[in-house]
Amino acid sequence: MGCETLAANAAVSPYDLLFQALALIPVSHYFVAAFLIFLIFLYNFLEIHFLRDLLTLFRGDPVTLTYNSCSDLCQSVVAKCKILHGRYSVTPWLSSPHLQTAFLNIFGRAPPVTYRRHLFRALDGGTIALDWLTYSDVVEGTSRVIDSSAAPKGDKTPIMIVIPGLTSDSSSAYVKHLAFNMARQGWNVVVSNHRGLGGVSLTSDCCYNAGWTEDVRKIIEHIRCEYPEASLYAVGTSIGANILVKYLGEDGANTPLVGAAAICSPWDLLICDRFINRRPVQKIYDRVLTVGLQGYAQLHQSILSRLADWECIKKSNSVRDFDNHATRVLGKFETVDAYYRRSSSTNYVENVSVPLLCVSAWDDPVCTSEAIPWDECRANENIILATTAHGGHLAFYEGITASSLWWVRAVDEFLGVLRTSPFRRQKLQGSTLPKPVQSSIDQGPYLNVMGDGMVTAAGNEPRDIVPADMSNEHMVHSKKEEDTISGQGTSPDLTDETYSNKHIMKQAEQNVKDLIVPVQRCVDQLSRRSRQSIWLLAYIAIITTWPFVGSVLISVLKRRFKTFVPATLFKK
């Protein structure tokens, strides 16, 4: 019986036994396990950090400040900003950069804002909508008025110009958060909508892009002429931050702005383009941005279809495709990468000469922290870079109700302290872009060849001291020329100049001789050694390939070419 039982058990497959055991587990347990696996996947996919925040009791992470150690801006302005020296704590139920970014664009929870609109006409015929918001608009409330003056011409209230991001305008939630908060603090806020946005049609063939700074420049000049006694500030967000920093770098000390802030700037568009196509979650943002750009193009189809390939624009599957078929063509760039490189603000950071606060998040899902120009920001004494561990893209929600944005409070405090501080910006004269490093051998017109054949530069400056190895005949000849010139009544300056010119010519001839002789000697030596090396290589090839021929050849060489073949080869 025992043998029969063992035989029966051996006939049963172990997989059958495993399936029978799994069948005994209730189905509800499988659903619970699948749900737990899905939660773990979702937790990692959305980069949720709730458990980590829970372990730290939602204290948040400290804000990291990057600045020049010699900066007066940090000592006199940033030192008074408690928010920048504090911590940023994320809203507990939005402990994810993707949740924060999605919540900002879907819900927003923006305060009620009603603007006063002024239409600005550009020289090329384009129309730009300027939406104003003042303290009285926030407190009293006003109805929307077109082409109305937001403030009296002689008003000295500081003005803050807001430059929105890609496909964003004054109706975006984060723009309303910023405008409402600043207007409530007594600022006059004006949102400069991009061309074709804010409910205004394109009235020219010119469209905006990530590096188009001419509109910002003209608008700032227009506002300065309209309100000459008011101090001007600017805040750029996302693509608007890239445009603002690029404008500040282009104009340098010539800009009329007193201070500025760049929030979640992409900095390097080429790096951000690579980043947004790297992982599946980033590709979702790429697709969402593409749909927004196609919606912008749809609003102005009558113009864009005439200037670019409309069918390719409609079929664009990514931001890069849209930029290739629309932005690159309209901006007259050779390639998409050329557009990204020339439009990146990181190339202009070193020339910014106004106090600039830059805010970025390490977990920004759109503008990666890999593109932040850390060293350039640290080298410029006018820039303060504030980075946080979390925050998403333009979100930075805080508080249990997620009713406010941290970066809005930081900008409010920074510009407020800057406004009342005696700090004066350090203007950078001219361009501070580094010059290419040149070698001394490229700068020296004379070359000296040393005994070992090395070539060195003699330098740019002509030598005033007569070389010690000059012949006595040359010395006497120079003395006679000097006496002849002085006897003719020539002025001392002319005498010195003539002597200097002749001295330089003779020194050049001597240097040429010094150059040719050692070089010729080295070339002769190399030629002799090269001939010997060729014969030796041929000999080695023969004796290693055909040993018998090699033994015969070596006996012949011993008798006839003893002086040619080295003795060390015959010792064996």
Side-chain angles (χ1 to χ4, degrees), residues 115-133 146-147 150 159-172 175 178-179 188-227 232-252 254-257 260-263 265-266 269 292-293 296-297 299-300 303-304 307 323 326-333 339-340 342-345 347-348 352 354 356:
Y115 298 102
R116 295 174 180 264
R117 170 154 292 185
H118 172 72
L119 298 179
F120 174 77
R121 309 287 180 176
L123 296 177
D124 62 350
T127 304
I128 301 173
L130 302 179
D131 290 334
W132 289 82
L133 188 69
I146 304 298
D147 275 340
I159 299 175
M160 188 184 71
I161 304 168
V162 181
I163 308 172
L166 187 67
T167 67
S168 297
D169 53 20
S170 58
S171 63
S172 300
V175 175
L178 176 63
N188 288 337
V189 181
V190 53
V191 182
S192 175
N193 296 281
H194 299 295
R195 295 187 180 216
L197 291 173
V200 178
S201 301
L202 286 175
T203 55
S204 69
D205 292 346
C206 181
C207 298
Y208 83 98
N209 57 54
W212 180 252
T213 59
E214 191 60 25
D215 286 346
V216 173
R217 184 175 292 104
K218 295 301 181 182
I219 289 171
I220 291 176
E221 292 177 357
H222 166 73
I223 296 176
R224 182 184 61 173
C225 294
E226 293 290 321
Y227 305 94
L232 302 183
Y233 301 79
V235 177
T237 56
S238 192
I239 289 296
N242 185 82
I243 296 174
L244 175 61
V245 175
K246 186 172 181 286
Y247 157 75
L248 294 176
E250 290 175 344
D251 284 25
N254 298 323
T255 175
L257 295 178
I263 312 300
S265 174
L269 301 177
L293 289 171
Y296 169 81
L299 294 174
H300 313 291
I303 294 180
L304 296 182
L307 301 175
D323 288 337
T327 311
R328 177 188 64 83
V329 177
L330 297 175
K332 296 180 174 58
F333 294 96
Y339 159 61
Y340 290 154
R342 298 178 190 175
S343 301
S344 297
S345 60
N347 303 320
Y348 302 86
V352 173
V354 301
L356 174 65

Under-4.0 Å salt bridge between E214 and R217
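A salt bridge links E214 with R217.
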From S168, P164, S265, P266, residue fulfilling side-chain contact (heavy atoms from CB on, under 4.5 Å) relative to I239:
P266
Residue of the set L307, T327, L304 for which side-chain contact (heavy atoms from CB on, under 4.5 Å) holds with C207:
L304
If you apply the rule salt bridge (Lys or Arg N to Asp or Glu O under 4.0 Å), what do you find for D124 with K218, and how did you get there?
CA-CA 12 Å; D124 62 350; K218 295 301 181 182; over 6 Å; no
Taking C-beta and beyond as the side chain, do [X] and [Y] meet within less than 4.5 Å on heavy atoms?
{"X": "M160", "Y": "L178", "answer": "yes"}
{"X": "Y208", "Y": "L166", "answer": "yes"}
{"X": "W132", "Y": "I159", "answer": "yes"}
{"X": "V200", "Y": "N193", "answer": "no"}
{"X": "L257", "Y": "L244", "answer": "yes"}
{"X": "L248", "Y": "T255", "answer": "yes"}
{"X": "I128", "Y": "R195", "answer": "yes"}

If you compare all heavy atoms of [X] against all heavy atoms of [Y], which two are closest, and at what distance to 0.1 Å?
{"X": "W212", "Y": "C206", "result": "CZ2-SG, 3.6 Å"}
{"X": "Y296", "Y": "L202", "result": "OH-CD2, 4.1 Å"}
{"X": "D131", "Y": "S170", "result": "OD2-OG, 2.5 Å"}

Consider only side-chain N and O atoms of D323 and Y340, and report whether a donor and an acceptor are under 3.5 Å apart.
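Judged by distance alone, the side chains do pair up.
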Establish, from distance only, whether the side-chain atoms of R121 and T203 form a donor-acceptor pair under 3.5 Å.
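No, no side-chain donor-acceptor contact under 3.5 Å.
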